[in-house]
2 protein chains.
Amino acid sequence: MGRISAPERRSALVEAALRVVSRRGIAQATTRAIVAEAGMSLASFHYAFESRDELIDELITTVVAREQHAVLPEPVPGGDLREILEAGLLRYFEHLRADPEHEQAMLELTQYALRSLERHPLAVAQYARYAELAAHSLEVAASHAGTTWDRPVEQVARVLVAFTDGLTLTWLVDRDDDAARAVAHAAADALSRMAEPR
Amino acid sequence: MGRISAPERRSALVEAALRVVSRRGIAQATTRAIVAEAGMSLASFHYAFESRDELIDELITTVVAREQHAVLPEPVPGGDLREILEAGLLRYFEHLRADPEHEQAMLELTQYALRSLERHPLAVAQYARYAELAAHSLEVAASHAGTTWDRPVEQVARVLVAFTDGLTLTWLVDRDDDAARAVAHAAADALSRMAEPR
DNA sequence: GTGCGACTGGGACGACCGTCCCACTTCGGT
DNA sequence: ACCGAAGTGGGACGGTCGTCCCAGTCGCAC
């Protein structure tokens, strides 16, 4: 292993940890497994991080900050709100199908954070970030459809996040593409009714 | 510890394991923690079960079989379909608020099962059971509202399960009651549109 | 080139894990 | 009363965990 500065090592370890958590789950993300994935020795781990907990915290923070697969990157032009929303949800679904392990890892990290008092805020921040991204997408969608939301967009965003989570969780279990698309359709339908009638 | 037959001990251990998983998470549900919760010695554990894995498998099976907090136990009389569905979802939400640890435990057990090939079927069975209960509730609801579903009820049920999961997950993170009720409202709205217009 | 601080590797530590062994006690059938 | 089977308790096993120590090596400023 060549010589790397401590900060570089930190991010290399975070990336390695994300790969291990995605592939094998957080329970299997031991210091030794992470270090092996990064191709380092155990001592390097505790040179860069004080503890495994610190690494996991930074992993969650990093990965949440990076999160940006918004549900609606570029809405379909010419469609009405419902169609734009459904296209966005289907886009998210394709992202989920392309990298299911990543979403499963995010889910596990949330649950992990939920289990300790000092880590709970990380989970809250994660979902606040989701809601923020969702709110932005919803604003873009409404603007493209030439309409406005009939309540604060943050409230609609919260519902979108819940629908997305449900779609993710159920699809991860049964891998039923058609069912997931039905969820996307129904969710888009419900959300579109939260806009002012044109 | 008095003398108990092996089968009784098995179910006592399963109950103890459920309490430990609910309270502290599956990662903390060690053989010693479970045995302490049940007030037994370690030897009794391996007298009743061959391994911890066997206990966890039986825990999942048991708890899934017992699952019956259907979303719509007794629909409100006189309401239309949307109102009946929303009342059912709110009923589920009250159940979630009353015992959040149990739903969190169920979520963790699902994720745990998803992580190994031989346990994956348990997660699938868990969600098949959810869908079954949801389908039954939906049939009751449609019948009370005097309408019928415009597609196989199993498909609607799958969507309901996804919505319920999303509501659960997001509420467990932010504990925002109003937001959860908004999800229930939107979900009921979307689902009610999957019925034949009267 | 020399010194010093930053970085590295291997091995060890105590704690806890799942599992197992074995001497012991209790029970039900005879 | 007795005897085999069923159930119990304590202690120990090997393995893995997170963490730590320390002797060694490298890069860079002087």
Side-chain angles (χ1 to χ4, degrees), chain A residues 1-21 23-60 108-109 111-113 115-119 122, chain B residues 1-21 23-60 108-109 111-113 115-119 122:
Chain A
M1 201 61 210
R3 285 175 100 75
I4 316 178
S5 73
E8 288 179 73
R9 215 166 266 277
R10 280 178 77 96
S11 59
L13 281 166
V14 167
E15 295 307 318
L18 178 58
R19 287 195 297 274
V20 173
V21 172
R23 200 184 315 127
R24 307 208 273 142
I26 195 165
Q28 303 296 322
T30 65
T31 52
R32 284 166 178 81
I34 293 168
V35 145
E37 174 75 24
M40 309 181 187
S41 75
L42 265 176
S44 303
F45 185 102
H46 282 95
Y47 184 77
F49 286 98
E50 193 155 330
S51 66
R52 191 189 97 113
D53 280 354
E54 189 185 315
L55 186 260
I56 299 291
D57 285 1
E58 184 154 321
L59 170 60
I60 297 178
E108 278 189 32
L109 289 173
Q111 302 254 56
Y112 183 79
R115 276 297 176 189
S116 82
L117 266 80
E118 60 265 27
R119 240 180 293 271
L122 288 176
Chain B
M1 203 60 210
R3 285 176 98 77
I4 315 178
S5 72
E8 287 179 74
R9 216 165 264 278
R10 281 178 76 97
S11 58
L13 282 166
V14 167
E15 294 309 316
L18 178 58
R19 287 194 298 273
V20 174
V21 172
R23 199 183 317 126
R24 307 210 274 141
I26 194 166
Q28 305 294 324
T30 65
T31 53
R32 282 167 179 80
I34 294 168
V35 146
E37 174 74 25
M40 310 182 186
S41 74
L42 266 175
S44 303
F45 185 101
H46 282 96
Y47 184 77
F49 287 98
E50 193 155 331
S51 66
R52 191 189 96 113
D53 280 353
E54 189 184 317
L55 187 260
I56 298 293
D57 285 0
E58 183 152 322
L59 170 59
I60 297 178
E108 278 190 33
L109 289 174
Q111 302 256 57
Y112 183 79
R115 276 297 177 189
S116 83
L117 266 79
E118 60 265 27
R119 240 180 293 270
L122 287 177

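Reminder, nothing fancy here: chain letters follow the sequence lines and each chain counts from 1. Computed from heavy atoms alone, side chains included, the values below leave out hydrogens, waters and symmetry copies.
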**OP:** May I ask you to verify if any side-chain N or O of Thr31(B) is less than 4.0 angstrom from the OP1 or OP2 atom of dG18(C)?
**Re:** yes
**OP:** Kindly say if His46(B) contacts the phosphate of dT19(C), meaning a side-chain N or O under 4.0 Å from OP1 or OP2.
**Re:** yes
Original post:
Near DNA chain D, under 4.0 Å by heavy atom, which residues of residues 50-59 of chain A?
Top reply: Ser51(A), Arg52(A)
Subject >> Euclidean distance, atom CG of residue Leu13(B) to atom C1' of dG7(D) [Å, nearest integer] >> reply: 13 Å
**OP:** Could you check how far CD1 of Ile34(A) sits from P of dG18(D), rounded to whole Å?
**Re:** 8 Å
Subject >> Rounded distance (Å) that lies between atom P of dG11(C) and atom CZ of Phe45(A) >> reply: 20 Å
Original post:
To the nearest angstrom, how far is Arg32(B) atom CZ from dG9(D) atom P?
Top reply: 16 Å
Subject >> Gln28(A) CD to dG15(D) C1', straight-line distance once rounded to whole Å >> reply: 14 Å
Original post:
What is the distance, rounded to the nearest whole Å, between atom OH of Tyr47(B) and atom P of dC21(C)?
Top reply: 15 Å
Original post:
Can you tell which of dC21(D), dC17(C), dG10(D) lies closest to the side chain of Thr30(B)?
Top reply: dC17(C)
Original post:
Is Leu13(A) close to Glu58(A) at the side-chain level, that is, under 4.5 Å between some pair of heavy atoms?
Top reply: no
Original post:
About how many Å separate CD1 of Ile26(B) and CG of Leu109(B), when rounded to the nearest 0.5 Å?
Top reply: 5.0 Å
**OP:** Could you tell me whether the side chain of Val14(B) reaches within less than 4.5 Å of the side chain of Phe49(B), counting heavy atoms only?
**Re:** yes
**OP:** Whole angstrom is fine here: how far is it from CD in Glu8(B) over to P in dC27(C)?
**Re:** 14 Å
**OP:** Report yes or no: does Glu8(A) contribute a side-chain atom to a donor-acceptor pair with the main-chain N or O of Ile4(A) at less than 3.5 Å?
**Re:** no
Subject >> Leu42(A) CG to dC7(C) C1', straight-line distance once rounded to whole Å >> reply: 16 Å
**OP:** Not counting sequence neighbours, list each pair that qualifies as a salt bridge (Lys or Arg N to Asp or Glu O under 4.0 Å) and has a residue in residues 31-46 of chain A.
**Re:** Arg19(A)-Glu37(A), Arg23(A)-Glu37(A)
Original post:
Among all residues two or more places apart in sequence or in another chain, which pass the salt bridge (Lys or Arg N to Asp or Glu O under 4.0 Å) test with Arg115(B)?
Top reply: Glu108(A)
**OP:** Calculate, to the nearest 0.5 Å, the distance between atoms CG and CD belonging to Leu59(B) and Glu15(B) respectively.
**Re:** 8.5 Å
